[in-house]
2 protein chains.
Amino acid sequence: MILSTQENDLAKRVTIKSIAEDLGISHMTVSRALSGNPNVSSQTRILIENRARDLGYVKSAAAKAMRGDGTKIVGLLLPNITNDFYARYANAFAKECDRHGLHLVIHLTDDEIEKERVSIRQLREIQAMAVVMVPCAHGVARQDRDIEGLNVIQLVRSREMTSNSSSLVINDAEAIHDAVVHLRTLGFDRIGYIGADPSLSTGRDRFQSYHNGLTSVGLELDANLVIRGAPNFDLGFSGVPRLLEGQGATALICGGVEISNGAISVLMQRHDGSGDTFGFVGYGDPAFLSWIGKGLAGIQLPIEELAAITIQQIGAFNGEARDVPPATHALKAELAGRVGKITFT
Amino acid sequence: MILSTQENDLAKRVTIKSIAEDLGISHMTVSRALSGNPNVSSQTRILIENRARDLGYVKSAAAKAMRGDGTKIVGLLLPNITNDFYARYANAFAKECDRHGLHLVIHLTDDEIEKERVSIRQLREIQAMAVVMVPCAHGVARQDRDIEGLNVIQLVRSREMTSNSSSLVINDAEAIHDAVVHLRTLGFDRIGYIGADPSLSTGRDRFQSYHNGLTSVGLELDANLVIRGAPNFDLGFSGVPRLLEGQGATALICGGVEISNGAISVLMQRHDGSGDTFGFVGYGDPAFLSWIGKGLAGIQLPIEELAAITIQQIGAFNGEARDVPPATHALKAELAGRVGKITFT
DNA sequence: TTGAAAGCGGTACCAA
DNA sequence: TTGGTACCGCTTTCAA
């Protein structure tokens with residue numbers, strides 16, 4: 001009665017030993033029969049298999065792990081799972097894990113380094129075979145000790161680590177460039193940008209692509225049309241009015257999923273009756289983007305591919321663990337080809 | 001080199017024994033020191049603690065589990081995690097799990113009984129301390145054998161089980177009733193309904209509440225204004241035009257999250273230039289509902305409360321496992337008080 | 001305060 | 001084709 005959370009402790013766990021005793025044979029024979037070892041007479045094998053089924057026997061993952069066979073547990077560390085991108089990635093990756101018979105353990109970090117650290121420690125305790133993580137935005141890098149011995153795959157963002165980790169990043173340079181061109185083609189010439197601050201690599205890169213885009217369509221970079229900060233909902237929500245009223249922006253490109261949601265939220269609530277048309281390219285591609293106006297444009301992230309490459313990098317193929325050397329993969333984002341205007345009524 | 005997925009097998013796992021050997025003492029002393037047992041001299045204790053920290057020691061969860069101490073693993077079975085409701089629930093519940101030091105293992109069932117079965121079996125293998133699940137819509141109930149010995153908490157839907165399981169359901173009767181009243185108050189008198197078919201308990205209950213609502217505002221039930229079927233996106237998407245064109249519906253109540261999304265999707269794409277106003281109450285409360293028109297009404301689900309009660313029912317309080325008897329909780333949904341009209345332009 | 005032994009559920013290895 | 005033994009990491013129990 002020590003295990004208070006299990007209701008039927010009295011019913012005793014069914015183990016190969018209990019089955020063996022029950023059948024009056026050696027537990028080794030039971031082990032062999034239940035592991036597909038050929039060295040068992042078909043008579044006893046059938047006997048054992050039936051007994052095991054009737055008793056509801058399941059192998060103890062703990063015992064296997066303790067022998068050094070590793071686990072089938074994969075950790076996934078995300079800031080949250082409500083963000084459209086994270087949710088869709090988690091969904092796609094969870095499906096892959098299920099397909100490969102892996103357990104997906106999800107921990108939310110809230111983008112806080114301390115929670116990240118705790119989660120990683122716990123994942124080491126249960127000997128996770130791999131950890132897929134979006135590293136915290138502003139984390140110090142000194143957690144190498146914690147991560148040691150773990151097969152780490154960094155997602156989207158990438159932090160320096162001593163242990164050789166893989167990383168999967170999104171190459172959105174062309175997509176953002178295309179977004180500028182697209183908006184320019186639609187006739188807009190005051191194209192604003194809201195993105196993460198330069199302390200983040202994504203903040204630097206995406207801004208650079210925006211800048212390159214402007215250059216290639218013959219527009220000057222106007223610092224007043226650019227807002228950078230912590231990449232969250234509020235940056236987009238509060239930034240849009242500033243760009244519209246203050247700077248006369250006529251179009252906007254968002255450099256982050258949350259930013260994009262914040263911007264759309266405030267744009268949708270805007271009914272100034274002007275009949276003005278505003279150009280918009282969001283980041284990410286949530287379903288509702290296509291519902292607005294004649295469909296807003298968005299930078300489409302390669303979520304399914306990301307999930308597929310992740311599982312590949314983990315190296316779990318039909319239960320056979322393979323050795324996959326650490327690697328870096330960059331997947332291309334694409335501008336979803338919709339009109340991309342919103343009209344204020 | 002058997003564990004191919006771990007890169008530094010050669011660096012040997014750090015165990016209490018390896019630490020003991022390293023320090024030239026008994027592994028028991030190390031065990032005591034690292035488990036907070038008072039019977040260790042503070043000298044050796046400090047010595048051991050430092051060594052453990054330097055070596056990056058973590059307790060083996062497998063070894064603890066094998067001794068019968070149980071695990072800190074909680075399983076969550078959902079049809080998917082992109083659905084707004086499931087994603088938000090998973091997010092809230094994952095946070096609770098993190099707060100309590102639990103591992104959340106997520107498996108997606110796609111609402112298929114076979115996947116559900118496989119996942120449950122796997123969760124038994126790793127001795128999950130509890131399993132929270134949305135039972136498949138059309139599953140046969142004969143899986144008692146599989147579930148035996150597992151602490152099961154059924155979410156939203158509820159299936160008969162021999163082993164005594166808890167269930168957490170949403171009581172949306174009043175909210176749906178209120179929705180009808182709300183739409184009637186706005187002046188609509190041809191209020192349609194799209195919901196799950198009667199084979200599901202939610203299908204029966206929600207329809208009944210809709211019916212009751214009509215009665216209470218003095219409207220007759222018109223079978224032509226009701227569409228029922230598998231509660232998915234397409235039911236809403238294809239149902240709306242049928243109700244509008246075919247039956248002259250002027251308002252709609254949705255009896256499911258996916259249905260609601262499908263309906264909104266087609267409504268948003270509708271630009272017939274009529275200037276007609278259409279009443280709408282969605283199911284669930286995704287952020288974008290508030291963006292449409294002056295804000296669409298939705299039936300708000302008590303997600304945070306649901307997550308809180310779930311963790312409570314699991315009985316994990318600060319690492320202390322408590323015995324919580326199986327129970328059924330019904331949480332109330334509420335009509336989010338927004339205007340709830342959409343105008344076709 | 002410390003140590004030695006036994007056992008949790010499996011499998012590799014050797015012996016019969 | 002079978003059975004016995006030892007071990008994986010940790011804690012409970014008993015002995016020193």
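Just so you know, these numbers use all the heavy atoms, side chains as well, and skip hydrogens, waters and symmetry mates. Computed from a predicted model, the values in this text were never measured in an experiment. A note on names: the letters A, B, ... follow the listed sequences, proteins ahead of strands, and every chain is numbered from 1.
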Is there side-chain contact between [X] and [Y], with at least one heavy-atom pair below 4.5 Å?
X     : Y      : value
A:V58 : B:R121 : yes
A:F85 : A:L306 : yes
A:K95 : B:D110 : yes

Of B:V169, B:I170, B:I309, the residue whose pairing with B:H329 passes side-chain contact (heavy atoms from CB on, under 4.5 Å):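 Output: one option passes, namely B:I309.
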
Option passing side-chain contact (heavy atoms from CB on, under 4.5 Å) with A:M133 (candidates A:T109, A:L123, A:I120):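 Answer to the side-chain contact (heavy atoms from CB on, under 4.5 Å) test with A:M133 among A:T109, A:L123, A:I120: A:I120.
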
Any idea which of D:dT1, C:dG3, D:dG4 is nearest the B:S26 side chain?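 Shortest atom-to-atom distance from the side chain points to C:dG3.
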
Atom [atom1] of [X] and atom [atom2] of [N]: how far apart are they, to the nearest Å?
X     : N      : atom1 : atom2 : value
B:I48 : D:dC10 : CD1   : P     : 13 Å
B:N39 : D:dT11 : CG    : C1'   : 14 Å
B:I25 : C:dT1  : CD1   : C1'   : 12 Å
A:E21 : D:dG3  : CD    : C1'   : 16 Å

Is A:S41 close enough to D:dT1 that one of its side-chain N or O atoms is under 4.0 Å from OP1 or OP2 there?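 Looking at the OP1 and OP2 atoms of D:dT1, neither is under 4.0 Å from any side-chain N or O of A:S41.
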
Just by protein heavy atoms under 4.0 Å, how would nucleotides 9-16 of chain C read 5' to 3' in B, S and -? BBBBB---

Give the angle between the helix axes at the two ends of the helix from C:dT1-D:dA16 to C:dA16-D:dT1, taking five base pairs at each end and rounding to 10°.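 So the angle between the two local helix axes works out to 50°.
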
Given A:Q154 and A:S165, is the side chain to side chain donor-acceptor pair (under 3.5 Å) satisfied, shown in steps? CA-CA 7 Å; A:Q154 298 192 73; A:S165 65; 3.2 Å; yes

To the nearest 0.5 Å, what is the distance between CZ (B:R53) and CG (B:N50)?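 CG of B:N50 is found 5.0 Å from CZ of B:R53.
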
Below 4.0 angstrom, N of the basic side chain to O of the carboxylate: do B:R51 and B:D22 qualify?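 The answer is yes: the pair qualifies as a salt bridge.
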
